[in-house]
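Since the structure comes first, as C-alpha cells, the remarks are kept for the end.
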Amino acid sequence: MSGNKNIFRKLFLSIFLVITFALIVLSSGCISDTEEQAYNKSEEATEFKGIELTPIMEQRNNAIKGTQYIDQETYELEVYGLVDKELKLSYDDLLEYPSESRFVRMDCVEGWGFDAKWTGVTLNTIFDEAQVNANATEVIFYCADEYSTSLDIEYLRDNDIILAYKLNDITLPADRGFPLQLVAEDKYGYKWAKWIIGIEVIAHTYEGYWERAGYSNNADVGGPAFE
Ligand SMILES: Nc1nc2c(c(=O)[nH]1)N[C@H]1C(S)=C(S)[C@@H](COP(=O)(O)O)O[C@H]1N2
Ligand SMILES: [Mo]
C-alpha cells in the first residue's frame with residue numbers, strides 16, 4: 001500500500017510541475033511583448049523641459065501588418081529621387097548626425113494619443129546632404145511593412161521635422177518602428193511612418209496607404225479625417 005501511495009505522490013507532483021511550467025510559459029507569452037523586455041525602464045525619461053511624458057508602456061501603437069523586426073547591422077536608409085546625391089545610410093551613419101530632441105504629442109486619427117520626447121536627426125540635415133532639387137514638392141516615406149505615406153517638403157523643412165531613433169530616451173522598440181519613426185508634428189498618426197527604409201523626393205502628388213483609403217492627405221490634427 002505504501003508503494004502505491006508513493007507512486008500517487010510522484011504522479012501528483014509531476015502533474016503539478018507540468019501545469020506550473022505550462023502556466024509560466026503561457027503567462028510569459030502574454031507579456032513577452034518587445035516593449036516589456038527590450039529596454040531598461042529606469043533609463044526612460046519621465047519628463048522633458050518640465051512637461052510630463054506618457055510612459056512607453058502606456059502608449060498605444062498601430063501597424064497594418066504587426067511588428068517589423070529590422071536588423072541594425074544590415075539596415076540601410078535610401079534617399080533618392082529629386083536629389084543630386086543619392087544616400088545609403090547605415091544605422092551608425094544616422095547616429096553620427098547632430099541629434100535633436102523635442103517634446104511632441106502623437107495623435108492617431110482614431111482618437112487616442114500620447115506625449116513623448118523624441119530624439120533623432122532632422123530631415124533638413126539629410127535633405128541638405130542629398131542636395132534636394134529646387135523643384136521638389138513632396139517626400140514619400142516607404143516602410144518595411146510596405147506601408148507608405150507622404151508629406152509636403154515645405155512642411156518638413158519649415159517645421160524642421162525629425163526622424164526619431166529614440167523615444168523617451170529609449171532606442172525605439174521594434175514594435176514602435178525601430179530604427180526610425182517620422183515625428184510628423186501636428187499631423188495625424190498615419191503620417192508618422194515607422195520602420196522607414198526609403199525616402200523618395202518627388203514633384204507630384206502621392207497618396208500613401210491610408211490616404212488611398214480616403215483619409216485626408218493633409219492630415220492636420222484637429223482637421224477632417226477624410227477628404
Ligand atoms: N510602417 C508603418 N508605419 C505606421 C503605421 C503602419 O501601419 N505601418 N501606422 C501608422 C498609424 S495609423 C499610427 S496611429 C502610428 C502609431 O505609431 P506609434 O507606434 O508611435 O503609436 O504609426 C503610423 N505609422
Ligand atoms: Mo493611426
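These numbers come from a predicted model, not from an experiment. Just so you know, ligand 1 is whichever comes first in the structure, and atom 1 is the first atom listed for that ligand.
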Taking the ring of Tyr165 and the ring of Tyr97, is the distance between their centroids below 6.0 Å? no
Using atom types as modelled, flag every donor-acceptor pair under 3.5 Å from a side chain in residues 51-58 to any protein atom, sequence neighbours excluded.
from	atom 1	to	atom 2	distance (Å)
Thr54	OG1	Asp115	N	2.9
Thr54	OG1	Asp115	O	3.4

Just checking Phe48 against Phe103, ring centres under 6.0 Å apart? no
Can Lys187 be said to sit on top of Tyr155's aromatic six-ring, NZ or CZ under 6.0 Å from centre and within 45° of the ring axis? yes
Could you check whether the rings of Tyr209 and Tyr147 sit parallel, tilted or perpendicular, using 30° and 60° as the cut-offs? tilted
Which N or O atoms of ligand 1 sit under 3.5 Å from a protein N or O, and how far apart is each pair?
from	atom 1	to	atom 2	distance (Å)
ligand 1	1 (N)	Asp145	OD1	2.9
ligand 1	1 (N)	Asp145	OD2	3.2
ligand 1	1 (N)	Lys194	O	3.0
ligand 1	3 (N)	Lys194	N	3.0
ligand 1	7 (O)	Ile64	N	2.7
ligand 1	8 (N)	Asp145	OD2	2.8
ligand 1	9 (N)	Asn62	O	3.4
ligand 1	17 (O)	Gln181	NE2	3.3
ligand 1	19 (O)	Arg176	NE	2.9
ligand 1	19 (O)	Lys194	NZ	2.6
ligand 1	20 (O)	Arg176	NH2	3.0
ligand 1	20 (O)	Gln181	OE1	3.3
ligand 1	20 (O)	Gln181	NE2	3.2
ligand 1	21 (O)	Arg60	O	2.9
ligand 1	24 (N)	Trp192	O	2.9

With a 4.5 Å limit on heavy-atom distance, are the side chains of Ser150 and Asn217 in contact? yes
